[in-house]
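Numbers restart at 1 for each chain; the letters A, B, ... are given by sequence-line order, proteins then strands. Quick caveat, the model's predicted, so the values are computed rather than measured.
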There are 2 protein chains.
Amino acid sequence: MKFHRIPDETVRRLPIYLRGLLLLAEQGREHVSSHELADILHIKGPQIRKDLSYFGEFGTPGVGYGTKELSDCLRDILNLNCPHKVALVGYGNLGAAILRYSGFRSYGLKITAIFENNPRKIGRIVQNIRIQDVKEISSLKRKKIELAILAIPAESAREVTERLEQAGILGILNFAPSYCIDARSKVKIITIDIGMDLARLPYYLPIKAEIAG
Amino acid sequence: MKFHRIPDETVRRLPIYLRGLLLLAEQGREHVSSHELADILHIKGPQIRKDLSYFGEFGTPGVGYGTKELSDCLRDILNLNCPHKVALVGYGNLGAAILRYSGFRSYGLKITAIFENNPRKIGRIVQNIRIQDVKEISSLKRKKIELAILAIPAESAREVTERLEQAGILGILNFAPSYCIDARSKVKIITIDIGMDLARLPYYLPIKAEIAG
DNA sequence: GTCCGTTTGTGAATGAGAACTCAAGCACTA
DNA sequence: TAGTGCTTGAGTTCTCATTCACAAACGGAC
């Protein structure tokens, strides 16, 4: 294994591999070949092998990958071994849904702080967490929280992002449109834009009004 | 403009262009250059021009693109001119949040049917829509609904997807893990996997425990 | 009507990622 | 110890996407 820059797409797939392996390990499987994993995850075998080879040699020829070993390694690579505290900014419909979403916990990610704009929500306690004023975001530095989920309207996204950055946040999962956020920010931002994804779905409907050229 | 296969990535960006243009038109801007649009949307100018050139010639040299004209054309291309009814499957935390999300409406997309598994929710009326049993999904054919949003647990994703397909659904916005869904389905499926996106965020944290090679 | 500054549309060049292929390696058998 | 059947790891090829660069086109000034 030589040194290589690791493609973004590879990193994007690592959590998928991890989930598949955990599933198999749960079922009692000790080994799995890249070919079988490919069938399960709908990702081609060579793709899986190449992705993994960027990080080391985890498999044994003739046998495959140890489900337990490889999932442990992937946890290490993804930095999911130590638990991470996450701040949730915005407790509207989406924020509330995310707080209640349980899928994060198995990866050691836990929401431990919530911030809101709306004075009527500030002070309320949900899931044992007191909702704080957005102005108190700076307190995150003290609490050593490095990750945040941004579930607020587009208008305030830029300002809040800057505030998070100043509070020492290093990674953001952002649900606001990506253009709302300062492009030259040093923080790693992963954007999920549900509206955009739904808006391009009708494009694929077969009965399509062609536009004049 | 010669005939070209249109790249997926281009289609993915079209709604972004549309949103930017609508924003500018609202502000009273009549024209915009690709360079200015690039600054706003954080997408390079040549990229924008090339993307648009796949569909026709919308701009005038020396002037730029008409905000109104181009946004109308993009609406046509994206098939967002006629209103679309959307079925929401799964009325848990996420489903409820999506129902209340208003961003869809400006694109002519409206949720007009809701399905659930949980007998305690079936029959309830939310936003003037009666929650139906998942078993009644076949009724979508009669109602001429072609799009669906899937906000259900991973376990039932495969079965429900098949049901949707049989009911004539042609496009799905899916929030379950992508491997849960039959890969050889003919329906267009766009998957959003929030858990996966959050799980790879810690990878980018600078203090990273390197794994042994 | 002509010149000038600006902006488009697009072929060509570059870059990134996916897929293919196969030599090398391991388990198992005898 | 040698042979067989799988499976990995990685160099090569191929496909797709982005960026560059420039000729052609337009508005406005004079």
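- Contact between the side-chain N/O atoms of R5(B) and the OP1/OP2 oxygens of dC16(D) is not found at any separation under 4.0 Å.
- One can place CG of L52(A) at 13 Å from C1' of dA10(D), the figure rounded to the nearest angstrom.
- Using a 4.5 Å cut-off on side-chain heavy atoms (C-beta onward), L147(A) and L205(B) make contact.
- For Y54(A) and dA16(C), the OH to P distance is 11 Å, given to the nearest whole Å.
- Using a 4.5 Å heavy-atom threshold, the side chains of L37(A) and Y65(A) count as separate.
- The phosphate of dG9(C) (OP1 or OP2) has a side-chain N or O of Y65(B) nearer than 4.0 angstrom.
- In this entry the distance linking CD of E9(A) with P of dG15(C) reads 19 Å, nearest Å.
- The shortest side-chain heavy-atom distance between V11(A) and Y204(B) falls under the 4.5 Å cut-off.
- Whole-Å rounding puts the H4(A) NE2 to dA10(D) P distance at 9 Å.
- Comment: D72(A) engages K68(A) in a salt bridge, judged by a side-chain N to carboxylate O separation of less than 4.0 angstrom.
- Within the 4.5 Å cutoff, side-chain heavy atoms of L80(B) are placed close to those of L18(B).
- The side-chain heavy atoms of L74(A) and L70(A), taken from C-beta on, include a pair separated by under 4.5 Å.
- The 12-atom threshold is not exceeded at CD of E159(A), counting heavy atoms of other residues, nucleotides or ligands nearer than 6.0 Å.
- Atom CZ of F55(A) is separated from atom P of dT8(D) by 18 Å (rounded to the nearest Å).
- Using a 4.0 Å heavy-atom criterion, one finds that S34(B) contacts the sugar-phosphate atoms exclusively.
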Give the table of side-chain donor-acceptor pairs shorter than 3.5 Å for residues 23-31 of chain A, with sequence neighbours excluded, one pair per line with atom names and distance.
residue	atom	partner	partner atom	Å
R29(A)	NH1	E36(A)	OE2	2.7
R29(A)	NH2	H31(A)	O	2.9
R29(A)	NH2	E36(A)	OE1	3.0

What protein N or O atoms touch nucleotides 19-25 of chain C N or O atoms at under 3.5 angstrom, if any, and at what distances?
residue	atom	partner	partner atom	Å
dT21(C)	O4	R49(A)	NH2	3.4

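- Atom-to-atom, CD of E36(A) to P of dT7(D) comes out at 9 Å; the value is rounded to the nearest Å.
- Residues from residues 12-26 of chain B with heavy atoms under 4.0 angstrom of DNA chain C: there are none.
- At least one donor-acceptor pair under 3.5 Å links the side chain of K141(A) to the backbone N or O of Q166(A).
- One end of the helix from dG1(C)-dC30(D) to dA30(C)-dT1(D) points its axis 0° away from the other end's axis, with each axis taken from 5 pairs and the angle rounded to 10°.
- For the pair L37(B) CG and dT7(C) P, the interatomic distance rounds to 13 Å; values are reported in whole Å.
- Sorted by first and then second residue, the ring pair (Phe, Tyr, Trp, His ring centres under 6.0 Å) pairs with a member in residues 66-114 of chain A read Y101(A)-F104(A); sequence neighbours excluded.
- Annotation: of the two residues near DNA chain C, G59(B) and T10(A), the 5′-most nearest-nucleotide partner is G59(B).
- Rounded to whole Å, the distance from CD on E57(B) to C1' on dA25(D) is 10 Å.
- Shown here are the ring-ring contact (aromatic ring centres under 6.0 Å, His included) partners of H42(A), two or more places apart in sequence or in another chain: there are none.
- Residue R100(B) places its CZ atom among more than 12 non-hydrogen atoms of other residues, nucleotides or ligands, all under 6.0 Å distant.
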